[in-house]
Amino acid sequence: MIQPCQDVFENVMDLAKRRGFIWPTSECYGAVAGFIDYGPLGAMMKRRIENIWRQFYVVQEGYYEIECPTIAQEAVFIASGHVKGFSDKMCQCPHCKEYLRADHVADGGGVCGAATMNNETLAAAIATCKCPACGEVLGNVEVYNFNLMFSTMIGPGSQRVGYLRPETAQGMFVDFARLLRFYRDKLPFGAVQIGKSYRNEISPRQGMIRLREFTQAEAEIFVHPNEKNHHPSFKRYANYRMPLLTYVHQQKCEPAVEMSMREAVDKGIIANEYVAYYVALTHELLVTVGIRPDRLRFRQHLPDERAHYATDCWDAEVYSERFGWVETVGIADRTNYDLNAHAKQSGTSMTVFIQYDTPKKVERRRIIPNMGVLGKQYRKKAKAIFAALETATPTAEGADVNVDGETIHIPADLFEVRDEVIDVRGEEVVPHVIEPSYGIDRMCYAVLEQAYDEDTADGEKRTVLRLSPQVAPVQVAVFPLMNRDGLDTLSEEITITLQKRGILAEYDDSGAIGRRYRRQDEIGTPFAITVDYESKETHTVTIRDRDSMKQVRIAIDKIPEMLSALIKGDVKFAELG
RNA sequence: GCAUCGAUGGUCUAGUGGUAUGACUUAGGCCUUCCAAGCCUAUAGCCCGGGUUCAAUUCCCGGUCGAUGCACCA
């Protein structure tokens, strides 16, 4: 699948480093693998991508953003399964020093039940196995858990364990009760979070594709389990078409098939309307930030690839010339797994009360003990008897209840059996969660790689980042043709006017004008305004398009309005004069 | 993490047991009426630690980072 291309990745990362998009972290002390710094332009571009994400999820969908700590106490990750399930049982071969997955060694050596063994048992079991790397018999080895979460201590001298979160999602789950109240106790609702997550990868490589600290943008959408096939805005994307690579296609090595979201749901290819809706929304979002549709596909997880809680999962994969298809977004139906787990761990209810349209009549039998007598007679056992009686099946003589292994006969005159019909107005429901989860750093890399281009201008090589105007860090450059005769002061005035309108404009008067154009081309600045001698007489300037290098003359007082429209994409440069 | 290879101004590079070549870039100046032109000047470098040596950027050992292969990637 991976078809390495020697140049693109290196060219992109070289440019990114040189021009201040991406830097190795803490370079003066030697960089650390798996960590990067975003430089001035990279941080700006990342923020613009995040803001486009907010436009979709917060503004369009109405799912407010929350912000939770990156460190959480152990209980959170016990419930989520990360303390237990996010670690691997490792051992080291004493002969060749290779690090090995102990359970894999056991499986390979014919040991049964390795997955359920504790570390000591597993160590004993693999002592007679051969190291798959060097072939020597392992002998006495220590088996230990390598957890991919970074752990820390909360407070000084504390025994309280904390972990850096391996995903932002848990924040939305643990805040469920508050969120439910905020959304006035009605489903569906959602909450989103953009923030850092941490995974202590054993061996991160591939630049910014696999990081130990990375930025996720996750949405958790809470929905009634019976309503997953009725997204209230489904019609927005019902006819949205894209190629889908289902797990059946993958098993048969067939290519993806293009279809609408309506078809995909109706044919049972995508599990429900909610998942389909966010598959389509994700497609639109990725195209908006500048991913080419022909380098974008949606691939369904194979049944054995899915996390144990997910019923359906689709990855948006972006094609990289260096890394092949890279998972950039995952859209999963997490069911009620997380809320059930936190409800159990925390002892807090994580349900929504759903009112019936009309109350249901339910027959109910209540057993009401005469506690005045029972209490005196049974003393400390009375409370347990009271509880046991609620579920007892009384006969005419009385009821037998079991308290602490002892069967106690309660005569019929010590309680009253009351059969009644009551109105049940609704039920407690644990919502299901639909989760679109975006890897922002991977999106940034994909945007840079796809924007990188080299063309020829006047017989010379030109390096140009064809970034969408919406994500380009610098939005416009302003140049005086000559830095004299008042052209420079007029240019500076225009720059300030644009900056006051919230447009990131960069003024530059150094050296030849051609060099200044090239410099801006390389960082992806989509437009350049040039003030020339005609500007003083006619109050006009030229505006230059990065991609075509064409120029159009416009009136100075029209610049802010026109640039805003060009940057937003409401107007295309080719449509101008 | 293991194995192999590599690391010289911001970038690309020459070279060396006695502190380093050239080009591009950048900054200042001159020139210049629209796409990296020209001229002058300036800034800036031997990945880190230890060893050998009078002297290490150079040789040796260890580390870091990067590339590749293996392993890993809930």
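Sequence lines set the chain letters: A, B, ... in the order given, protein chains first and strands last, and positions in each chain run from 1. Remember, it's a predicted structure, so these values are computed and weren't measured experimentally.
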Out of B/G1, B/C35, B/U33, which has the shortest distance to the side chain of A/Ser203?
B/G1

Of the listed nucleotides (B/C65, B/U68, B/U26), which one gets closest to any side-chain atom of A/Arg519?
B/U26

So A/Thr530 and A/Gln551, do their side chains get closer than 4.5 Å, heavy atoms only?
yes

Given B/U33, B/A36, B/A37, identify the nucleotide with an atom nearest to the side chain of A/Ala512.
B/A37

So that I know where these two stand, are A/Tyr198 and A/Phe214 an aromatic pair - ring centroids less than 6.0 Å apart?
no

Base, sugar-phosphate alone, or nothing: which one does A/Leu148 contact when heavy atoms must sit under 4.0 Å apart?
nothing

Can the ring centres of A/Phe150 and A/Tyr163 be said to be less than 6.0 Å apart?
no

Quick one: does A/Leu490's side chain get under 4.5 Å of A/Ser535's, heavy atoms only?
yes

Hey, is the side chain of A/Arg18 poking within less than 4.0 Å of OP1 or OP2 on B/C12, counting only N and O atoms?
no

Same-atom distance (C1') from B/U43 to B/G10, integer angstrom
11 Å

Between B/A36 and A/Arg515, is there an OP1 or OP2 to side-chain N/O distance shorter than 4.0 Å?
no

Under 4.0 angstrom, heavy atoms only, what part of the nucleic acid is A/Asp14 near: base, sugar-phosphate, or nothing?
sugar-phosphate

Side-chain donor/acceptor of A/Tyr517 to base of B/C34, under 3.5 Å
yes

Within the structure shown, what part of the strands sits under 4.0 Å from A/Asp485 by heavy-atom distance: base, sugar-phosphate, or nothing?
nothing

Within the 4.0 Å heavy-atom criterion, would you say A/Ala457 contacts the bases, only the backbone, or no part of the nucleic acid?
nothing

Name the residue closer to the 5' end of RNA chain B, choosing between A/Arg462 and A/Ser510 according to the nucleotide with the nearest heavy atom.
A/Ser510

Go through B/A74, B/U32, B/C34 for me and flag the one nearest to the A/Arg199 side chain.
B/A74

Measuring centre to centre across the rings, with the benzene-like ring taken for any Trp, is A/Tyr319 within less than 6.0 Å of A/Trp325?
yes

Check against side chain to side chain contact (heavy atoms under 4.5 Å, CB included), A/Phe173 and A/Val76:
CA-CA 10 Å; A/Phe173 300 141; A/Val76 173; over 6 Å; no

Residue pair A/Pro204/A/Thr463 against RNA chain B: nearer the 5' end by closest nucleotide is A/Thr463

Which parts of residues 537-545 of chain A get close to RNA chain B, meaning a heavy atom less than 4.0 angstrom away?
A/Thr542, A/Arg544

Mind checking if A/Arg484 touches a base, just sugar-phosphate, or nothing, with heavy atoms under 4.0 Å?
base

From the set B/A74, B/C35, B/U68, return the single nucleotide nearest to any side-chain atom of A/Gln551.
B/C35

CZ of A/Phe35: more than 12 outside heavy atoms within 6.0 angstrom?
yes

Glycosidic torsion of B/U11 (syn if within 90° of 0, anti otherwise) classifies it as anti

Tell me, what's RNA chain B's dot-bracket, Watson-Crick or G-U with both distances under 3.5 Å, | for other-strand, [ ] crossing?
(((((((..(((.....[...))).(((((.......)))))....(((((..]....))))))))))))....

Can you tell which of B/U32, B/U68, B/C34 lies closest to the side chain of A/Met482?
B/U32

When you measure from the side chain of A/Asn483, which nucleotide among B/U32, B/A67, B/C35 comes out closest?
B/U32

Sub-6.0 Å ring centroid separation between A/Phe479 and A/Tyr507:
no

